[in-house]
Asks: 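Right, I'll just put the structure down here and ask away after.
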Amino acid sequence: MKLKPTFYQQSDVVEVTKLLLGKSIFTQFNGALTGGIITEVEAYSGRNDKACHANNGLRTARTATMYNAGGCTYIYLCYGIHHMLNIVTNTEGLADAVLIRAFEPTTGIEQMLERRKQSKLRNSLTAGPGNVGKALGLDFKQHNGLLLTADQIWIEDAPKVAEESIISTTRIGVDYAEEDALKPWRFYIKDSKWISKK
DNA sequence: AATTAGATGTTCT
DNA sequence: GAACATCTAATTA
């Protein structure tokens with residue numbers, strides 16, 4: 001059921017990003033199992049992409065885990081508040097990653113509502129990368145670099161989403177990346193209401 | 001419905 | 001010290 005390292009280690013990040021749509025992501029911390037179906041993602045490449053933290057081989061304490069072999073997490077803190085979940089892809093030394101921007105909650109909804117301090121289930125529970133990290137209970141200090149073959153966080157396989165059901169647009173919040181901000185590397189499932197925005 | 005302000009803390013210059 | 005792969009509540013209309 002769990003996706004294998006070979007899946008994440010494919011060389012084309014954009015391809016892996018699209019393949020992740022429709023798959024299910026789960027976290028399990030102190031007995032609480034939470035997760036759902038991935039509906040919105042973005043690709044970031046370590047080479048030739050100014051929007052990526054590790055562009056041009058930039059290697060710092062923060063970006064180090066992006067250089068790991070595909071199949072682990074890259075979680076970082078954004079705007080001092082949000083813990084963003086990325087999936088590291090490609091082989092060791094090549095810093096590519098996929099940002100999980102939204103998912104459709106299916107498992108542990110009660111637990112996720114509690115983490116988000118909400119009482120009613122609505123789209124905003126898991127729409128937007130900051131909300132995804134919070135709903136799944138992620139913390140960049142505790143969960144960065146975890147292997148997806150272990151039992152804390154993982155992704156399970158599912159049938160491929162048809163090409164005609166995938167919408168691609170430019171990525172969100174990367175205006176600083178100049179011409180690379182124009183790359184159509186954000187993908188979401190057409191007709192899903194569990195996405196951050198149209 | 002659309003826009004704006006404030007929160008928050010780590011990273012890199 | 002500036003910037004940052006953002007979210008929410010409050011304000012304006």
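Sequence lines set the chain letters: A, B, ... in the order given, protein chains first and strands last, and positions in each chain run from 1.
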Asks: Heavy-atom nearest nucleotide on DNA chain C for R62(A) versus R122(A): which residue maps closer to 5'?
Replies: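 In this pair, the answer is R62(A).
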Asks: Set out, in order, the CA-CA distance, both residues' side-chain angles and the distance that settles salt bridge (Lys or Arg N to Asp or Glu O under 4.0 Å) for D157(A) and K23(A), then state yes or no.
Replies: CA-CA 6 Å; D157(A) 202 2; K23(A) 309 269 188 268; 3.4 Å; yes
Asks: Please tell me which of the listed nucleotides, dT8(C), dT11(B), dT6(C), lies nearest to the side chain of N131(A)?
Replies: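 The listed nucleotide nearest to N131(A)'s side chain is dT8(C).
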Asks: So L99(A), base contact, sugar-phosphate only, or nothing? Heavy-atom distance under 4.0 Å.
Replies: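 Contact class for L99(A): base.
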Asks: Is any side-chain N or O of R186(A) closer than 4.0 Å to OP1 or OP2 of dA5(C)?
Replies: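 No, R186(A) has no side-chain N/O under 4.0 Å of OP1/OP2 on dA5(C).
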Asks: Using heavy-atom distances to pick each residue's nearest nucleotide on DNA chain B, tell me which of I81(A) and F140(A) is more 5'.
Replies: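 Its nearest nucleotide being more 5', the pick is I81(A).
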Asks: What integer distance in Å separates L85(A):CG from dT6(C):C1'?
Replies: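 In whole Å, dT6(C) C1' lies 15 Å from L85(A) CG.
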Asks: For G130(A), report the nucleic acid contact type (base, sugar-phosphate, nothing); a contact means any heavy atom under 4.0 Å.
Replies: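 Here G130(A) touches the backbone only, sparing every base.
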Asks: Would you say T60(A) reaches dT11(B)'s phosphate, i.e. side-chain N/O to OP1/OP2 under 4.0 Å?
Replies: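 So the side chain of T60(A) is outside the cut-off, no N or O lying under 4.0 Å from OP1 or OP2 of dT11(B).
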Asks: Applying a 3.5 Å limit to both distances, which nucleotide forms a Watson-Crick or G-U wobble pair with dA3(C)?
Replies: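 dA3(C) is paired with dT10(B).
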Asks: May I ask you to verify whether the side chain of H82(A) and the base of dA5(C) hold a donor-acceptor pair under 3.5 Å?
Replies: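 Not at all, since no donor on one side and acceptor on the other fall under 3.5 Å apart.
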Asks: Taking any heavy-atom pair under 4.0 Å as a contact, classify R171(A): base, sugar-phosphate, or nothing.
Replies: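 No contact at all - R171(A) keeps every heavy atom at 4.0 Å or more from the nucleic acid.
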Asks: Using whole Å, what does the distance between atom P of nucleotide dA5(C) and atom OH of Y79(A) come to?
Replies: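 One finds 6 Å between P of dA5(C) and OH of Y79(A), rounded.
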Asks: Kindly say if Y176(A) contacts the phosphate of dA5(C), meaning a side-chain N or O under 4.0 Å from OP1 or OP2.
Replies: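 Yes, within the criterion.
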Asks: dC7(C) P sits how many Å from Q118(A) CD, rounded?
Replies: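 From Q118(A) CD to dC7(C) P: 12 Å.
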Asks: Report the relative orientation of the aromatic rings in H83(A) and F140(A); use parallel for angles under 30°, tilted for 30 to 60°, perpendicular for over 60°.
Replies: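 Because their plane-to-plane angle lies in the 30° to 60° range, the rings of H83(A) and F140(A) count as tilted.
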Asks: Rounded off to whole Å, could you give me the CG-to-C1' distance for the D139(A) and dG9(B) pair?
Replies: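 Interatomic distance, CG of D139(A) to C1' of dG9(B): 12 Å.
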Asks: Any side-chain N or O of H53(A) below 4.0 angstrom from OP1/OP2 of dT11(B)?
Replies: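 Negative; the distance criterion is not met.
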Asks: Nearest to the K141(A) side chain among dC7(C), dA5(C), dT10(B), which nucleotide is it?
Replies: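 It is dT10(B).
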Asks: Using whole Å, report how far NE2 of H83(A) lies from C1' of dG9(B).
Replies: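 In whole Å, dG9(B) C1' and H83(A) NE2 are 9 Å from each other.
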Asks: Nearest to the side chain of C78(A), which nucleotide is it out of dC12(B), dT6(C), dT10(B)?
Replies: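 Taking heavy atoms from C-beta onward, the closest nucleotide is dT6(C).
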Asks: Please report the interatomic distance CG(L146(A)) to CD1(I153(A)), rounded to the nearest 0.5 Å.
Replies: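 Result: 7.0 Å between the selected atoms.
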Asks: What do the steps show when you test K190(A) against E164(A) for salt bridge (Lys or Arg N to Asp or Glu O under 4.0 Å), and what is the final call?
Replies: CA-CA 8 Å; K190(A) 185 183 173 186; E164(A) 55 268 27; over 6 Å; no
Asks: To the nearest Å, how far apart are L77(A) CG and dA7(B) P?
Replies: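 Atom CG in L77(A) sits about 17 Å away from atom P in dA7(B).
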Asks: Measure NZ/K197(A) against P/dT6(C) and give the value in whole Å, please.
Replies: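 In whole Å, dT6(C) P lies 8 Å from K197(A) NZ.
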Asks: Would you please test E42(A) and R171(A) for salt bridge (Lys or Arg N to Asp or Glu O under 4.0 Å) and show each step?
Replies: CA-CA 7 Å; E42(A) 282 178 5; R171(A) 293 170 292 182; 5.3 Å; no
Asks: Return the minimal non-hydrogen interatomic distance between Q9(A) and G70(A), and the atom names on each side.
Replies: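 That closest heavy-atom pairing would be NE2-O, 3.0 Å.
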Asks: In whole angstrom, give the distance that lies between atom CG of N55(A) and atom P of dA3(C).
Replies: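 Interatomic distance, CG of N55(A) to P of dA3(C): 19 Å.
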Asks: Would you tell me if any nitrogen or oxygen in the side chain of R116(A) comes within less than 4.0 Å of OP1 or OP2 on dT8(C)?
Replies: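 Result: yes.
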